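What follows is a single structure, written as structure tokens, with notes after it.
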Number of protein chains: 2
Amino acid sequence: MDDVALEAGVSRALVSLVLRESPKVSDERRARVVAAAAKLGYRPNAWARGLASHRKKTIGVLLNELHNPFYAEIMDGIDAGAAEAGYRVVLGTAGSRPGGEQTALDTFLELRADGAVLVGPRLATAEIARAAASMPVVVVARGVRSKAVDSITNDERHGARLVVEHLVGLGHRAITHVDGGSGAGAAARRAGYEEAMRGASLAREIRVVAGDYTDLAGLAAADTILRSRRLPTAIFAANDLAAAAMIDRFETAGLSVPADISIVGHDNTFLAALHHISLTTVDQPRPEMGRRAMALLVERMDGVRTTSVNVRVTPSLVVRSTTGPPRPAS
Amino acid sequence: MDDVALEAGVSRALVSLVLRESPKVSDERRARVVAAAAKLGYRPNAWARGLASHRKKTIGVLLNELHNPFYAEIMDGIDAGAAEAGYRVVLGTAGSRPGGEQTALDTFLELRADGAVLVGPRLATAEIARAAASMPVVVVARGVRSKAVDSITNDERHGARLVVEHLVGLGHRAITHVDGGSGAGAAARRAGYEEAMRGASLAREIRVVAGDYTDLAGLAAADTILRSRRLPTAIFAANDLAAAAMIDRFETAGLSVPADISIVGHDNTFLAALHHISLTTVDQPRPEMGRRAMALLVERMDGVRTTSVNVRVTPSLVVRSTTGPPRPAS
DNA sequence: AAGTAGCGTTAGAGCGCTCTAACGAGGAGA
DNA sequence: TCTCCTCGTTAGAGCGCTCTAACGCTACTT
């Protein structure tokens, strides 16, 4: 920086002002400084700047797992939001290391990050609250009861209701839910299903088959359903993977989808969009969740808001080819 | 830090030594300092440390796109390697921003990152080489002709050879390749196929149908093949997605896989592993690619090596249920 | 003419660490 | 006993910036 100042024939402080795009520098000097910096190939040192200014322009993002597309897409949104707001992203993941999440959080604290986004953290709420004492924290895809922390969650009940209403609208009554066991959001999804069924005066048709978020669970559930006394006319599966497996099993058993049985998935993964699956499914706006998380964080970092906010993102139904009216009773 | 020194009754320099885990501190004083730091909830300031020590313990990772599971899994490996070696990861992506990759690279340079990993960069080689003048750089999933840069690529030819040899071993001769057009690695994959066919004395059976990495391309290619004079007994598709689409189309046309036609995919994505697809496919060791990238970077950062290395990772064949012996000529 | 305001510019004191060189206290060797 | 080492400890000068307060200058007022 001294070199640039020398080259431009001004003081170091003036160079600093130019680099910070201060308005109170004359155009002539600004040009001289810019030219000198370019000539010398000067690049400001982010560490010195961070130390001196306390403005780090850095946020930490803790990701549960990266290879899970669900989280990766949320990350995508966070990343876009961060780039837009001019923040660097320091990534932390737990991997399979024990205490990995805590380590990542500690890193953020040592970095004096301007804020942190925790995506699907498994950390104890107390730990999160402790971190939130040092910097703004937004939690995504998990509700956190703490007034120091903002959160973004998906409205699982609403999604389930959309599914049931769609199927009821097509004329279905015997709608079975294959649930996601103890997976994230599964309980709320199941509750939403039951609530919606009651809302449609179909309380007596409520049927839940145990499952989880795998294709094997889907196969097992399909078998269970095939063996049952009376076949449902529609199924709301825990997720797309299970739904795809079920379609496969039903078609093997000689049933036609959706003529004999309608199937709805959940998550609108790339699988659902595949041409030869073309699954009706519930979409969670993942990139948007990431973007909104960043937006909340920016509000906090700018000090615009100090009260906690819990955003509930609204999922939507994507109707494709696996749902249709039930076969008229013969 | 001064507070900790005061609390422990030692000098600030000694506190610094303890925090850096220097061996030349007596156990008694070390304990005192540790206790004092814990009592005061002291956390070292990474920015000050980075500025003073020039050891940043930070690497930049530029990711082409995060929502592509292929890159996400590589990232997974990088992240694991970085955590192990004690480096923080600053993530940069281009998003859809023009010049986004360059911006990310500039950020790494301003951060004086200890090194950078570029995953599938679209940047010009010259730009990469320029960055490599300031810090060690490893490029993943793209070959780079520069002796200042290390790279990790997949041995596409080897993968193609494995496929052809597997099929030939089953008794196939008429093996068609549906290629990936101008996609990453497609040219090498196609060349590998042709080479392997010639190696098996099947030069006259070489047939390449144009495609790309989408399911629609798979459908189109399947149609092209179905209309052809003589049906191949086996197909090597550009990737799993195209392969899955082709299976669907062939079965719709009344063909049975693998009895009538064997199909091999590429990438061993989660799709291939799906129970009802169970696709024979070529696996690229993605997390390993990430890990090795980190390993190469660490070597450079430690100054252990100054000559450039180009690692070619070896793919493997995952045999599942879509390949079998051809139907005996009737 | 002197005073005042406003502007661009600058000196210099930090920011919170690291690290070199110097220091003092014991113990070994002469 | 004195010197020389070794070892744990410390003083203090940076690291490369930011930022406050002060500065000199021109322009305007009275």
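Please read all numbers here as calculations on a predicted model, not as lab measurements. Hydrogens, waters and symmetry mates are skipped; everything else that's a heavy atom, side chains included, is used. Each chain gets a letter, A, B and so on, in the order its sequence line appears, and its residues count up from 1.
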The nucleotide from C:dT10, C:dC17, D:dC19 with an atom nearest the side chain of A:Arg55 is D:dC19

Short side-chain N/O contact from A:Arg49 to OP1 or OP2 of D:dC19, under 4.0 Å
no

Between D:dC19, C:dG8, D:dC15, which nucleotide gets closest to the side-chain atoms of A:Arg20?
D:dC19

When you measure from the side chain of A:Ala48, which nucleotide among C:dC17, D:dC17, C:dT10 comes out closest?
D:dC17

Side-chain N,O (A:Ser53) to OP1/OP2 (D:dT18) below 4.0 Å:
no

Determine: side-chain N/O of A:Arg30 to OP1/OP2 of C:dT9, distance under 4.0 Å, yes or no.
no

Between A:Arg20 and A:Leu17, is there a side-chain heavy-atom distance shorter than 4.5 Å?
yes

A:Asp150 with A:Arg305: basic N within carboxylate O range, under 4.0 Å
yes

Whether the B:Arg312 and B:Asn154 side chains hold a donor-acceptor pair (N or O, under 3.5 Å, no angle test) is what I'd like checked.
no

Winner on side-chain proximity to A:Ala52, out of D:dT10, C:dT18, C:dG14, is C:dG14

Take A:Gly50 and B:Leu17, find for each the nucleotide of DNA chain D with the closest heavy atom, and name the residue whose nucleotide sits nearer the 5' end.
B:Leu17

Please determine if a side-chain N or O atom of A:Ser16 lies less than 4.0 Å away from the OP1 or OP2 oxygen of D:dT18.
yes

note: A:Trp47, atom CH2; D:dC15, atom C1'; distance rounded to Å ~ 13 Å

Under a plain distance cut-off of 3.5 Å, with no hydrogens placed, do B:Ser26 and B:Arg30 share a side-chain donor-acceptor pair?
no

Tell me which nucleotide among D:dG16, C:dT10, C:dT18 gets nearest to the side chain of A:Leu51.
D:dG16

Please report, rounded to the nearest Å, how far the P atom of D:dG8 is from the CG atom of B:Leu14.
11 Å

Report yes if a donor N or O on one partner sits less than 3.5 Å from an acceptor N or O on the other, where the partners are the side chain of A:Arg12 and the base of C:dT9; otherwise report no.
no

Think B:Arg29 has a side-chain N or O under 4.0 angstrom from the OP1 or OP2 of D:dT9?
yes

Answer with yes or no whether the side chains of A:Asn310 and A:Ser151 bring together a donor and an acceptor at under 3.5 Å.
yes

Rounded interatomic separation in angstrom, taking CG from B:Leu40 and P from C:dG16
15 Å

Which of the following nucleotides, D:dT18, D:dG16, C:dT10, is nearest to the side chain of A:Met1?
D:dT18

Kindly point out which of C:dG16, D:dT18, D:dG8 is positioned nearest to the side chain of B:Asn45?
C:dG16

